[in-house]
Each structure stands twice: as structure tokens, then as C-alpha cells.
Amino acid sequence: MEEYALEAVERLTTRPAEPYETITVDPITPLLGAEVSGPDLSEELTPQQEKEIRHAFLTHHVLVFRDQDLTPEQHKRFASAFGDLHPVTLPAEGSDPYVLEIKATGESRSVAGNGWHADGTADPEPSLGSMLHITTVPGGTSGGDTLFANMHLAYELLSPALRGFLDGLTALHDGALPWTAAGQTPPPEYDVPRTEHPVVVRHPDTGRKLLFVNAPYTSHIVQLARPESDALLGLLYDHVARTPLLHCRVRWQPNTLTFWDNRCVQHHAVWDYFPHTRYGRRVAIEGTRPQS
Ligand code: SIN
């Protein structure tokens, strides 16, 4: 590994131990994700629990809580401890505008999120994060894992020269692209968002830089010719997909809730369980405009 990559990994693997009093935090890998035990999310959090979960979230970016038997109202209350709720895009008629059902069955011919992406980056203010509560796991015990990738590290593992080049660029994110990629057109009631964001942004809470492009939403890098943009974006997507040390994998059990930071991770829902059923609910939290 190059020296700059070793230094990026070392910064994380040599972090001082975190002093938690109300939660237990077991990292999934030294570089991304943690299992959190202690709090019962069906109850209101104490200020100390909230503070410690926030700290763990900013440190590990993906938090996994097991054995959480939650109603949608309790799920929303937990999410609202971290900000206003982010409404669902195109909610189904009669459904809760803040609760997105994540469902795949034997009738499904595609599933949401089956590819590396961040949520809703064509919006001017993409969500801060999402909490997915899975209640039905395919086959009862396995399948339907979700992969996550650390976009801070994705940036830091690039050569200093390439990082310097990317730092000054912006990219257009287009909300129509996921529809056209699926051979569909967006429904007429959808006010399709299109937003230019920096290719490298800073996390609003930590100031740490990260790579902010993703395959389903990013159309092109504005300052480059199209073939150049396509080649560079392809290189960056391959880097995210093919570098296992960026990744962690969450294996769901019934009543697992996972809270991920949509500002600095991408995720990929693996559809390896057809024709079985997987079911859960996702609540998202409002974010802010990404800044370089
Ligand atoms: C998504 O938010 O993209 C879905 C994630 C999942 O189903 O694991």
C-alpha cells in the first residue's frame, strides 16, 4: 500500500479508545461501522445516550442496533433526536410521508438500492442519514445484507495528485437518472431535482473531506469533456466497489435497526434472496447543502 494510504488507515486504527458510559460500541471493522448495544430505542433516549450515540455515529458512520422491537412512531421518535425528518420522495397514497417501506418479494423484478449509491444526492440538501429497521429477513435468517463504503477513506486512498485535481471540480447530480437507467421516465408529479455539488465535500460536523459522487445520481463532472468525465467517474466508482477495506457488511436479523451517515457512506443492498421476502421501514433525517 502507498505511504499516504497507510497513513489514512493508521489515523483510524490508532484512534484513542472511546469513553462510553451508557452504550457499548463494538466496531465491525476498524475503519467502518459498529454494533451498538445498551439503549432500548423504543424508549426516549437520555441526553447522555443521545450524546454518546451521536459521538459513535460521527466516529463509525454506520451504527447497528439489534433486537429493537419498534413501532413506526418509536422509529420516527428515535430518528427525530438527530434532526427534522426528511420526507419520502413520492410517498405511496395513504402512507406515512416520513416512512419508506423497503420490501422485496417473489413478485419483485428489481429492489431499491441494489447497487452502490448515496440517497437522494440530486437534492440540494440530501438527507443527513437514514435509519432502516428490518423486521423480515429473507429465509428467516440470512440473505439481504447491506454493504457500506467509507467515502472519507475512498478519498484519502487516492493519490495526492488525483485528490488535488478532484478538489476543484463540481458534478451535476440528476434525479431523473435512476429512472432512465431502469428504462422508465419519472412520473409527472415528480419535480425532478438537478443540483451541482462539489466532487469533494467536507463533512458538516467533522470538516473531514470525502468523495461525493455516486453512480445512480451523478451525471457528469461539469468542468470536463464528457469522455473525460465518464472515464474519471468510472475510475472512482470502480475504486469504491473494488476496495474491500472501504467496506463493512451488515447482516440483518429481525428487528435490527441500522443508522448510516448518508453524507459520508455509500450503501448497496444485496439482492441475493429472490424469491424470498425481505421487509423493513426506513426513516431519513434532513441534511444540509454539501460544501467543499
Ligand atoms: C436503501 O436505502 O437503499 C435500501 C437499503 C437496504 O434495503 O438495505
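Each ligand, and each atom within it, is numbered from 1 in the order the structure gives. Values below: every heavy atom of this structure, side chains too, minus hydrogens, waters and symmetry copies.
- Within ligand 1, counting atoms from 1 as listed, the ones closer than 4.0 Å to a heavy atom of G113 are 3 (O).
- Polar contact check, R278 against ligand 1: a nitrogen or oxygen pair lies under 3.5 Å apart.
- Taking a cut-off of under 4.0 Å to the non-hydrogen atoms of L132, the atoms of ligand 1 that pass are 5 (C), 6 (C), 7 (O), 8 (O).
- Among all non-hydrogen protein atoms, the one lying nearest atom 2 (O) of ligand 1 is R282 NH1, 2.7 Å.
- If you number the atoms of ligand 1 from 1 as listed, the ones under 4.0 Å from a heavy atom of I102 come out as 7 (O).
- Between D96 and R281 there is no salt bridge, since no side-chain N of the basic residue sits under 4.0 Å from a carboxylate O of the acidic one.
- If you check which protein heavy atom lies closest to atom 1 (C) of ligand 1, you get H267 NE2, 3.3 Å.
- Ligand-side atoms of ligand 1 in range of W260: 2 (O), range being under 4.0 angstrom from any heavy atom.
- Contact check on K209 versus E156 returns no salt bridge, with no Lys/Arg side-chain nitrogen under 4.0 Å from an Asp/Glu carboxylate oxygen.
- Against a heavy-atom cut-off of under 4.0 Å, H117 is close to the following atoms of ligand 1: 3 (O).
- Contact check on D205 versus R54 returns no salt bridge, with no Lys/Arg side-chain nitrogen under 4.0 Å from an Asp/Glu carboxylate oxygen.
- Shown here is K51, whose NZ atom has no more than 12 heavy atoms of other residues, nucleotides or ligands within 6.0 Å.
- Distances below 4.0 Å separate heavy atoms of A269 from the following atoms of ligand 1: 5 (C), 6 (C), 7 (O), 8 (O).
- Between V199 and the choices V213, L232, L233, the side-chain contact (heavy atoms from CB on, under 4.5 Å) rule is met once, by V213.
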With side-chain hydrogen bond (donor to acceptor under 3.5 Å, both in side chains) as the criterion, how do Y4 and E2 come out once you've worked through the C-alpha distance, each side chain's angles and the decisive distance to 0.1 Å? CA-CA 6 Å; Y4 56 81; E2 305 288 348; 4.8 Å; no

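- Within 6.0 Å of CD on E189 lie more than 12 heavy atoms contributed by other residues, nucleotides or ligands.
- On a distance-only criterion, T146 and ligand 1 share at least one N/O pair closer than 3.5 Å.
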